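Contents: one structure, followed by commentary.
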Amino acid sequence: MLALLAGAVQLNLLTAKAVVSMAEDFELTDAEEQTNRKEGAPRLIVLITVSGLETNLLELTLEESGQIELLKSALLYPQVRHPLISADAAVSAAILHTGVLGLENGVTARRPLHKLKNGTLDRSLSVFSSGKYSGIGTSERLAPETLLSSTISDAVKRASGGLGLVYSVATRPEEAIIGGGADADGVFWTDETRGERASSNYYPAKLPWYISKLSAPRVKLSKGISWTPCHHSDFFEKYGKWTFRHEEIPFSHTLTRTESYLNTPLANEEVTETALSLIENGGLGTDGNTDVLVLTYRLAVPEELSPAIPSPEIIDGYYRLEEEIRRLRKQLPKETVLIISGDGMAPAEVRADAENRTFHPDKCKALTNMYLDTRYGVKGLVKEITEEGQLYLDEERLKASKLDSEEVSRLVSDFLQEFAGVAYAFPEWELRRNLLTNDGNAKLLTAIHSVPAKDRGNVIFGLQADFAFGNGSEGSSTHPATHFASITSPLLILGPGITPGRIETPLDLRNVSKVICETLRIRPPSR
């Protein structure tokens with residue numbers, strides 16, 4: 001308890017120092033919202049979110065590459081923790097930027113389940129799918145209409161009286177839209193199908209000429225892109241004895257598909273190139289208003305490689321990430337506040353005995369139906385079990401058989417927890433009764449915020465970290481669906497007026513936006 005109190009005091013003192021040293025006019029109050037950047041306020045805020053960033057690997061590679069200055073000059077929170085057990089990167093980005101969970105910010109999945117009127121389930125559309133706006137460089141029609149909460153970018157935009165520019169760049173549209181918030185001037189990503197830079201006509205900037213003229217990934221991929229280690233082999237030799245199999249060093253891959261390319265650290269170059277073009281041509285940091293540039297990088301590996309974690313490819317991603325940040329920093333104005341944060345989640349390691357640790361929904365459905373048939377004498381009560389951990393009962397059969405839905409849901413929930421790999425299972429009605437309580441229960445939070453209430457199954461369940469959902473029936477060759485597990489990520493804030501320090505007190509991902517905004521002396525997006 002004393003250690004926690006000491007950590008809290010240290011957090012408050014260091015944050016207070018950073019806050020005091022920021023501009024006195026970058027205010028928190030409604031009545032005095034800022035309309036011009038005053039002397040001392042940041043000219044530009046660059047917020048970099050790195051999906052899959054782990055604190056220990058970042059510190060290891062920074063030290064090895066001689067870039068430890070990045071850590072020493074920052075206000076560092078090394079223990080950012082995710083409030084959920086599992087969540088995809090879009091969900092994690094939404095939590096980080098809004099400070100609230102899925103039911104409040106509107107993002108429960110990258111492509112959420114929707115229960116259609118005919119009872120079938122659809123997961124084909126992005127969470128930001130829109131019928132009102134057209135895509136540019138993409139066939140997808142996307143806009144932040146379903147983003148229910150304001151973001152860090154919205155908070156800065158509001159503090160500047162709406163005069164500051166906000167741009168967001170990512171390899172995938174959902175992270176780009178989340179980073180930009182509702183009032184961004186421009187949001188840019190790479191279309192997975194066309195291999196071109198893309199945007200939406202929702203945004204005033206559309207797709208500027210200076211971004212359109214950048215070389216599209218599809219041009220590079222037409223001849224194949226070679227992926228080999230960018231760093232010298234000393235690191236791999238030094239750490240490979242206990243981390244990697246010898247035959248994996250050095251690795252070599254040829255990339256020809258946009259989807260595979262975007263799932264590698266090489267694609268982070270696309271984000272940096274777009275960012276540098278915005279800095280040079282987009283007017284960022286050139287006037288009296290505080291502007292925002294939000295960038296989302298990834299430390300990812302294509303599913304077909306599925307290497308052990310940390311693999312040489314992942315370590316290579318850290319070195320490439322450092323290089324992208326180094327390129328960016330050279331072009332930033334002096335009055336820039338740079339913020340780097342992980343999202344607290346990463347793909348779970350695929351074990352050597354992956355088939356024995358794959359949960360097959362079809363097999364589970366058959367066994368559960370057999371169990372219920374034995375109990376009630378009614379066949380086919382379970383209608384569908386999804387890879388999202390949703391079990392749907394056949395409501396018509398329940399009514400026809402005069403069975404109580406809550407009772408059956410409870411029995412099914414208890415039965416599911418007997419399956420190998422199932423970490424938790426809750427009846428949906430029980431979740432609704434717990435909706436406003438148990439804020440620290442990660443299992444309940446994960447289940448409640450996994451699917452919008454109207455689309456939830458009768459039973460919601462999740463898997464242990466070393467298990468994955470199978471995409472097909474048992475014994476099929478289909479690769480298991482990616483399963484995410486929580487990791488410890490860092491938050492770094494550095495720039496003029498920021499007092500370096502290290503805050504060891506764990507920081508919930510939901511509070512990252514609050515820490516950032518309080519350091520900038522503006523109101524957080526949610527309180």
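Keep in mind that this is a model prediction, so the values were computed, not measured.
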Candidate pair E388 and R111, rule salt bridge (Lys or Arg N to Asp or Glu O under 4.0 Å), full reasoning: CA-CA 11 Å; E388 292 80 11; R111 295 184 179 272; over 6 Å; no
Gap separating the CD1 atom of I152 from the CD1 atom of I178, nearest 0.5 angstrom: 11.5 Å
I325, D291, L332, V294 screened by side chain to side chain contact (heavy atoms under 4.5 Å, CB included) with V46, the one that passes: L332
K115 atom NZ, over 12 foreign heavy atoms within 6.0 Å: yes
Approximate separation, where rounding is to 0.5 Å, of S199 OG and K206 NZ: 8.5 Å
T146 (side chain) donor-acceptor with G106 (main chain) under 3.5 angstrom: no
Closest non-hydrogen atom pair, Y202 against A182: OH-O, 2.7 Å
Test: R320 and D316 ion pair at under 4.0 Å: yes
Side-chain touch P144/Y203, heavy atoms, less than 4.5 angstrom: yes
Distance-only side-chain donor-acceptor flag, S149 / E104, under 3.5 Å: no
From CG (L293) to CG (L165), nearest 0.5 Å: 10.5 Å
Intermediate values then yes/no, salt bridge (Lys or Arg N to Asp or Glu O under 4.0 Å), R329 and E69: CA-CA 13 Å; R329 291 181 73 188; E69 175 269 338; 3.4 Å; yes
Audit row: E270, Y261, side chain to side chain donor-acceptor pair (under 3.5 Å) steps and yes/no: CA-CA 11 Å; E270 311 293 332; Y261 171 66; 2.5 Å; yes
For A159 against I522, the heavy-atom pair lying closest together: CB-CG2, 3.4 Å
4.5 Å side-chain heavy-atom contact, H82 and R510: no
Option from V50, L62, L58 for which side chain to side chain contact (heavy atoms under 4.5 Å, CB included) with Y318 holds: L58
Backbone of A176 reached by a side-chain donor or acceptor of S168 within 3.5 Å: yes
Salt bridge present between E387 and R123 (N-O < 4.0 angstrom): no
Residues 337-348, side-chain donor-acceptor partners within the protein, below 3.5 Å, at least two apart:
residue	atom	partner	partner atom	Å
D343	OD1	G52	N	3.2
D343	OD1	M345	N	3.3
D343	OD2	S51	OG	3.1

Distance-only donor-acceptor check, side chains E196 and T190, under 3.5 Å: no
Side chain proximity check, I225 to T254, heavy atoms < 4.5 angstrom: no
Pair V292-K157, side-chain contact (heavy atoms from CB on, under 4.5 Å): steps then yes or no: CA-CA 8 Å; V292 183; K157 186 86 165 179; over 6 Å; no
Under 3.5 Å side-chain donor-acceptor pair for S153 and H97: no
Exercise: identify the closest heavy-atom pair between Y297 and I48: CD1-CG2, 3.4 Å
Side-chain donor or acceptor of T256 paired with backbone N/O of G224 under 3.5 Å: no
Modelled atom types, side-chain donor and acceptor of N263 and S260, under 3.5 Å: no
Check: A442 main-chain N/O paired with T446 side-chain donor or acceptor under 3.5 Å: yes
NZ/K72: more than 12 non-hydrogen atoms of other groups inside 6.0 Å: no
Point-to-point distance, once rounded to the nearest 0.5 Å, from OG1 of T264 to CD of E269: 8.5 Å
Distance-only polar pair, side chains of E54 and T488, donor-acceptor under 3.5 Å: no
Derivation and outcome, side-chain contact (heavy atoms from CB on, under 4.5 Å), residues C517 and R523: CA-CA 6 Å; C517 289; R523 174 173 288 112; over 6 Å; no
E504 versus Q79, side-chain donor and acceptor atoms under 3.5 Å: yes
Close side-chain approach of T296 to V271, heavy-atom, < 4.5 Å: no
Modelled atom types, side-chain donor and acceptor of N289 and R43, under 3.5 Å: no
Expected output: side-chain N511 to main-chain L507 donor-acceptor under 3.5 Å: no
Side-chain heavy-atom pair W227, S252 within 4.5 angstrom cut-off: no
Polar side-chain atom of R81 near backbone of S486 as donor-acceptor pair, under 3.5 Å: no
T505 and Y77, any side-chain heavy atoms less than 4.5 Å apart: no
Taking every non-hydrogen atom, the tightest pair across A90 and V107: O-CG1, 3.9 Å
T138 and E140 side chains, donor-acceptor separation under 3.5 Å: no
Side chain to side chain, Y319 and P229, heavy atoms closer than 4.5 Å: no
Distance in Å, L53 CG paired with L492 CG, rounded so as to fall on 0.5 Å steps: 8.0 Å
From CG (L266) to NE2 (H253), nearest 0.5 Å: 10.5 Å
Carboxylate-amine/guanidinium proximity below 4.0 Å for R502 and E59: yes
Pair R110-S126, side-chain contact (heavy atoms from CB on, under 4.5 Å): steps then yes or no: CA-CA 6 Å; R110 184 180 302 281; S126 168; 5.7 Å; no
Check against side-chain contact (heavy atoms from CB on, under 4.5 Å), L221 and T258: CA-CA 7 Å; L221 289 164; T258 304; 3.5 Å; yes
Heavy-atom pair with the smallest gap, counting every atom of L76 and P490: CD1-CB, 4.1 Å
Heavy-atom closest pair, residues I493 and I498: O-CG2, 3.3 Å
Ionic contact status for R172 with E175, cut-off 4.0 Å: yes
Pair T272, E324: side-chain N/O donor-acceptor within cut-off below 3.5 Å: yes
Any T171 side-chain heavy atom under 4.5 Å of W189 side chain: no
More than 12 heavy atoms of other groups within 6.0 Å of K454 NZ: yes
Residue pair R197 / T274, side-chain donor-acceptor N/O under 3.5 Å: yes
